[in-house]
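First comes the structure, then the notes that go with it.
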Amino acid sequence: MSLTKDEIIALLKDETHQQDLFDKADKVRRQYVGDEVHLRGLIEFSNICRNNCLYCGIRRGNAKAVRYRMSEDEVIETARRAVNLGFKTIVMQSGEDMYYDTSRMCRIIEAIKKFDVAITLSIGGRTYEEYKAFRAAGADRYLMRIETTDKALYHKLDPKMSWQHRYECLLTIKELGYELGSGIMVGLPEQSIESIAEDLLFLKEIGVDMAGIGPFIPHPQTPLAKEKGGTLNLSLRTMAIMRLLLPDINIPATTAMESLAPNGRIQALKAGANVVMPNVNEGEYRKLYELYPNKDCTQTAPAHTKSAVVQKILSINRTIGTGYGSHRK
Ligand code: SAH
């Protein structure tokens, strides 16, 4: 569906009639991608990061963060267990940790690929050669949010990072034949409604296969600790409009939404979302990837987390995806 920037702005601003928007997005979701909810097993394998984004709990400058990085064997073993729990996609996410160089990443990808799963990488900015090597090793998808298309705001949030570079990475990833996931945070300091509308049009323009949209949640050990953060409602409206603009893509009910309200994910699944990405880290590693506080399910084991999610999905008369859950165009 095509919407003008002004129409998007009007929908974003209209809290009173948001239920109509959610219902419409839900209908479009059912029509284009059906009732299946695809589950992705999320392995957060390192919280070491070379970047210093002001909003992020694992920013380099957060000296209080307890750092970890999983060994190759630990990542592979975590994936093996997730596959045994029934996950058909493994998402590997980390800070920008260069310990995982090309050969190390490729060995991990090749080993996990043997489990007959789709692999999504979410490890930030890399070179063309690296993206190419990961793809050749078997990575199917890449997830990297643009965070915001307001370039001035982006550079304020990390003066050392380049918006243009991140954008070019997205283009490279697409060109190499990955399914491309991107997305934004909602409620960043000084982010306007107009800018969120532009973000949505940007995601449509680059033709993402997946769009992850979540509220910004201030982390107490970051320079943005005192900011207000995004609301669940505005995040849901943004996500629902994304569904209208790109009816057949994959849209996750994000962990940050669940962190703001105990039924945040379910609300998202009823407003356009069709994917959930439960954390499958084991033990201590579950709570150390602290991008923001109150992250969902840091205290429960992967099997328990997964069955709780499955039950909730079934309770709203949706089904669990049985395939890889790729973008069906
Ligand atoms: N290093 C990878 C992964 C980053 S963490 C990369 O660069 O893509 C994954 C996502 O968490 C980020 O893209 C960001 O959108 C989100 N995130 C980080 N800090 C957050 C916060 N305080 N509140 C909400 N989401 C946050």
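As the structure lists them, so they are numbered: ligands from 1, and atoms in each ligand from 1. Index from 1, following the sequence.
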Identify whether the distance between the nearest side-chain nitrogen and carboxylate oxygen of Lys113 and Glu110 falls below 4.0 Å. no

Under 4.0 Å, heavy atoms only, figure out whether ligand 1 is touched by the backbone of Met161, its side chain, both or neither. neither

Glu44/Lys295 salt bridge by N-O under 4.0 Å criterion: yes

Where on Pro215 is there a heavy atom closer than 4.0 Å to ligand 1, on the side chain, on the backbone, on both, or on neither? backbone

At their closest point, which heavy atom of Arg59 faces which heavy atom of Arg67, and how far apart are they? O-NH2, 2.7 Å

Assess whether a salt bridge exists between Glu290 and Lys287, defined as any Lys/Arg side-chain N lying under 4.0 Å from an Asp/Glu carboxylate O. no

If the cut-off is 4.0 Å to any non-hydrogen atom of Glu147, which atoms of ligand 1 fall inside it? 12 (C), 13 (O), 14 (C), 15 (O)

Could a heavy atom of Tyr142 be found less than 4.0 Å from some atom of ligand 1? no

Test item, Ser94 contacting ligand 1 (heavy atom, 4.0 angstrom): yes

Protein heavy-atom partner closest to atom 11 (O) of ligand 1 - residue, atom, separation in Å: Leu291 CD1, 3.4 Å

Given Met257, Glu290, Arg166, identify the one with the heavy atom nearest to atom 7 (O) of ligand 1. Arg166

Quick check: Ile217 and ligand 1, any N/O pair under 3.5 Å apart? yes

Could you check whether Arg69 makes a cation-pi contact with Tyr99, meaning its NZ or CZ is under 6.0 Å from the centre of the six-membered ring and within 45° of the ring axis? yes

List every atom of ligand 1 that sits less than 4.0 Å from any heavy atom of Tyr292, numbering the atoms from 1 in the order shown and giving each element. 20 (C), 21 (C), 22 (N), 23 (N), 24 (C), 25 (N), 26 (C)

In terms of relative ring orientation, are Phe202 and Tyr167 parallel, tilted or perpendicular, with 30° and 60° separating the classes? tilted

Looking at Arg104 and Glu72, does any basic side-chain N land under 4.0 Å from a carboxylate oxygen? yes

Checking heavy-atom distances from atom 20 (C) of ligand 1 to each of Met185, Arg126, Arg145, Arg50, the winner is Met185

Starting from atom 5 (S) of ligand 1, what is the nearest protein heavy atom, named by residue and atom, and what distance separates them? Tyr289 OH, 3.6 Å

Closest non-hydrogen atom pair between Val66 and Leu288, with its separation: CB-CD2, 3.9 Å

Please list, in number order, the atoms of ligand 1 under 4.0 Å from a heavy atom of Tyr55. 18 (C), 19 (N), 21 (C), 22 (N)

